[in-house]
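Below is one structure; the comments refer to it alone.
The chains referred to below are lettered A, B, ... by the order of the sequence lines, with proteins before strands, and numbering in each begins at 1.
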Amino acid sequence: MGPLWLLALIAGLSFFGFVLGRWKSVVLSGKGRGTLAARPGYYGAYVLIWTAMPALVILVALSIAKPFLIEHTVRANLPAQVLANSAQLSLEVSGVEQVAAGLKLVTPEELENIRIGVVSARSVFAQHGLPLGGDVKPYQLIAAGALNLVSDGLDTAVDAAVVAALAFGLIFAFVRVKPRLRARNLVENTVLVLLIAASSVAILTTIGIVLSLLFQALQFFSMVSPASFYFGTVWDPRFAAAGSTESGQFGFLPLFWGTLYISFFAMVVAVPVGLFSAIYMAEYATSKVRSVAKPLIEILAGIPTIVYGFFALTTVGPLIRDYIAMPLGLGTSGNNVLTAGLVMGIMIIPYVSSLSDDIITAVPRSMRDGSLALGATRSETMRLVTLPAALPGVVGAILLAVSRAIGETMIVVLAAGVAARASLNPFAEMTTITVKIVNQLTGDLEFTSPQTLVAFALGITLFVITLGLNVLALTIVRKYREQYE
Amino acid sequence: MTEAASSPPASRIGGTDVRKISKIDIGLKRRYAAERRFRTYGLLAVTIAICFLVALFGSIVSRGYTAFQQTRISMIVDFDPSIIAPNGDRSAAAVMSGNAFRFDDLIAASLQKTLEIDPNDEDALYDGLDLLSKGSAPMLRSMIAADPSLIGTKRSVDFYATGDVDAFIKGSIRADIPESQRLIKDKHIVLIEKLEKEGALRLAFNTGLFTNGASTRPEMAGVGVALVGSLYMMLVVLVLSLPLGVAGSIYLEEFAPKNRWTDLIEVNINNLAAVPSIVYGLLGLAVFINFAHLPRSASLVGGLVLTLTTLPTIIIATRAALKAVPPSIREAGLGVGASKMQTVFHHVLPLAMPGVLTGTIIGLAHALGETAPLLMIGMKAFVVEYPTTPFDPATALPTQIYMWATEPERAFTERTSAAIIVLLAFLLAMNSLAIILRRAFERRW
Amino acid sequence: MSAVQATTAFDTVRTPDPANRPIKIHTASVKVTYGQKEALHGVSIDIPERAVTAFIGPSGCGKSTFLRCINRMNDTIAGARVEGTIKLDDQDIYDPDLDVVELRARVGMVFQKPNPFPKSIFDNVAYGPRIHGLARSKADLEEIVVTSLQKASLFNEVKDRLNEPGTGLSGGQQQRLCIARAIAVSPEVILMDEPCSALDPIATAKVEELIDELRANFTIVIVTHSMQQAARVSQRTAFFHLGHLIEEGPTDHVFTNPLEQRTQDYITGRFG
């Protein structure tokens, strides 16, 4: 049975368990064996939980364990000289998996022909619509056979275990249904455990991000030293020719410079425009203007970044190239730092403005009144009292915006270019951390080469940078809010 | 001022000789100029922001609106059985196999008739065929395969014109530039005018944009497959993130003790909301594809990744909605002897539901436009067939836009803009729904 | 001095000022509406120069609203509308030609809750003189700050920590800092909106003492919910009730011999 069938079986039996448990509690109380400690539905739910939970836990656990067991089997059946070449190992494993898939397609006599070497496995598989990259080696056939054996055995074991768990849970819980059983408390405790599990998904996500990025990044750092990565000034990850040890240079600095330079231009656009809009909204705009302009500006935040990227690529880039860069002789590409920065700045305006607006309006009214009552004008009050009081919050908002700019991907992928260089010319093509993550991970992937793994090293670096900025910004904003609560 | 300047400052404050501030120049003119300047900066900032918005929409719409119409060439096709089924087998399989060029002959024959070309004038015939999409023959073949009863009849068939002809008809390739720089040559123009005169060539609503899948020929490309992929992903996101988000928020808001651990979860959730989405893509690649061996490019994996990106948004919105339910409701529930769990599920959650749904819809809208994490998990594939399950390879609307955006042809630019308009229309609809929900169920305590 | 007769249907009971001080602020038929709701139904009163005038009455009676009209702080509340006449030294303060900034420089205000700016003590006091350009030099500014702090009887307590934030002071000190901040601009009138309601009794006593000293140089209008406070610091008292000015006169007169039944009821604690 496939996992979907198993799930359907679990669902069906659980529902059956619910009906059964509920029925039994009603019947028992009807026979006068004491009043129920909970409403009948809770007895139904109690049986349902006992039926479904153990079976689900077993199904999930075995499904997670299966790939490991299979990989272990394959390795155990590979010859020693293949195992010795650790760099090629995962390639070998996936090769065996393909052969195993092929073996499932062939007929018994074909299999016999392959085994005695009358026909090549590759041609037989091709007849069945499974093209292979190379000829099948004998040891692959052996390993693949073992794999299929273990895999089929596992599937049967999973089926058996799940069915056993279902039966056990259903009977056990049904027997335990008695009027004095405190079914509600038991059900509620289970629900509470589920709620806790749901809330820990957020933590698991963070752990997952850190572990998965770290694991792959460490693999990368075993091939390229961290020092040459973080302090390297040349990005040239050329793909190594077969057999050569040369694997190109992975200098992080040009990417980091491109990221910072583009973010700088984004901030040059977003901070003044966002902050002054927030000031205008908070202090000057009539409620009518506010109710129109504020949602309009916030629309900017709802537009997907791919749309900004396209806008940069087709409209802003050519404009800047034709009317500024080319006449000044500073660049000839529509992809440049200024385009990416400008468009990213537009995207970030609403983040700065709505956060700043919240923060400015959080400054107590009494402060503003105090200043106005002394005869200060509104702009003097804003510049000399409100803004200084709101400064920590505004700084926090800007830091959050910087973090967003550094992590932004689609705009720079479409508008910044792919050339990794560190230059001061804003009309030059430059590239960012996120662009390189995308570049290195699209196309044919092999998770053993540094060209691919470098994306994870970039990813964890990006994660650490943005995490630092976010924690700092959120702490500042939180402290700021507490001050006026 | 001079009088004030010469007097000692102490006398301004007290003493018998109080200097009235009304006699002192407090620089009102200068200060009001500064006030006006400051205010103008604010107004300018708001105007700039709105101008950007207008420029963005203007640029997209002006490039894209033409793509909702497309040039068609309708011709009478003689479904000649001797060409389609030379060996008499009219089954779909037979139609799909065999010499593919025989369908080109069908098209050539009907073009010859429509344009009244001399059968010996091969050049004229080829010029005519240039006008038709290169996807016409495969289209005709699958049309016959789908309905073999067509064989032997004569029917009018709508063919797509090529992207260049389409651009010419819509005026973006102009006839007044020198022929050598033009993709549509003079001989083509003659034929186009002839077809127009006969009423065979016309602009029609572009249904293919919404039904077709990926294609290297812009006139045949559509967002149909991408729409289905996005739909599957949204279903996965909804099914997973709504229960997970609501359950997690209920625990954190209603049951969790206030301690370091819950503080950590709180900080963590706020942080996850600000983690760059591409990092989630890397997570999905490493965990779902590399580790769990789920299929690449499948909408299930896309949905899982987007669930993780959306979850923080939904949790934050749900917690805010739960917080807004006044404590008196909880006290009332507990007061009549309901358990805490019953109080939450019977009273608090239903009251918070409008806020939860609003937050969920806004979260889904964000997920719908998310692109970068999908590139990481290979949802940037060339997919022609509709996916039937969430396990099949699919693309999504934003990744389809990304792929088209990098195509150089003018016709693709037009389609990219049109796809963006479709995406924005969906987002607009979702956000409007959220606003309507909030208005309808808004409750003031 | 002559008491101006109310032009509205409601008649305020007035007892003239025996000291016959010159009038600083003259108001006639002042009405205030917030949106649809009328909060003040036509108040007419004359406020004498260099004396303390107290506004008393139960909460919601309009006394604070009226106070905020005198330096046009009601302008900052959206939807508030003020009708009637308010004259400062014979100048209509709601005249479009009159500048509100200039008015507020002349009519200072101290609020219910101490609201020092999140700046140093020095900068708090120096704020007004700085924005109005009252000091020509640094030394001049320091002189103003020191004098103002002295006048607010705060100088001795803070002279060693002028550069520390004003928000670090105790509640009573903060309120005196706000008074110092107000007098640093050398206004002619100081409005005080329940200045002691957030303070403990000792701090209250200090502020009351200060108010008594300040009346030599300033016209002071104080809103208070404490009748004892009104009796201690003011020379004239006005009793507000439900948006009407019920009675006004010399403080000792209003407290010992009120002419109106409602005033009598209020000061003897029968309502309020």
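For Tyr280(A), the ring-ring contact (aromatic ring centres under 6.0 Å, His included) criterion is met by no residue, not counting sequence neighbours. Residues meeting the ring-ring contact (aromatic ring centres under 6.0 Å, His included) test with Phe122(C), sequence neighbours left out: none.
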Only distances under 3.5 Å count here; give the side-chain donor-acceptor pairs of residues 255-267 of chain A to other protein atoms, sequence neighbours excluded, each with its distance to 0.1 Å.
residue: Trp257(A); atom: NE1; partner: Ser423(A); partner atom: O; Å: 2.9
residue: Thr259(A); atom: OG1; partner: Leu255(A); partner atom: O; Å: 2.8
residue: Thr259(A); atom: OG1; partner: Ile433(A); partner atom: N; Å: 3.1
residue: Tyr261(A); atom: OH; partner: Leu424(A); partner atom: O; Å: 2.4
residue: Ser263(A); atom: OG; partner: Thr259(A); partner atom: O; Å: 2.7

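Heavy atoms closer than 4.5 Å to chain A are found in the side chain of Phe111(C), but not in its backbone. When heavy atoms are compared at a cutoff of 4.5 Å, Val100(C) does not approach chain A at all. For Ile190(C), no part sits under 4.5 Å from any heavy atom of chain A, backbone or side chain. Residue Pro114(C): no heavy atom, backbone or side chain, is found under 4.5 Å from chain A.
No more than 12 heavy atoms of other residues, nucleotides or ligands shown are found within 6.0 angstrom of CZ on Phe231(A).
Each of Gly370(A), Pro388(A), Ala389(A) has some count of heavy-atom pairs under 4.5 Å with chain C, and the biggest count is that of Gly370(A).
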Between chain A and chain C, donor-acceptor distances below 3.5 angstrom:
residue: Arg365(A); atom: NH2; partner: Thr76(C); partner atom: O; Å: 3.0
residue: Arg365(A); atom: NH2; partner: Thr76(C); partner atom: OG1; Å: 3.2
residue: Ser366(A); atom: O; partner: Asn115(C); partner atom: ND2; Å: 2.6
residue: Ser371(A); atom: OG; partner: Tyr127(C); partner atom: OH; Å: 2.7
residue: Leu374(A); atom: O; partner: His132(C); partner atom: NE2; Å: 2.8
residue: Leu384(A); atom: O; partner: Lys119(C); partner atom: NZ; Å: 2.6

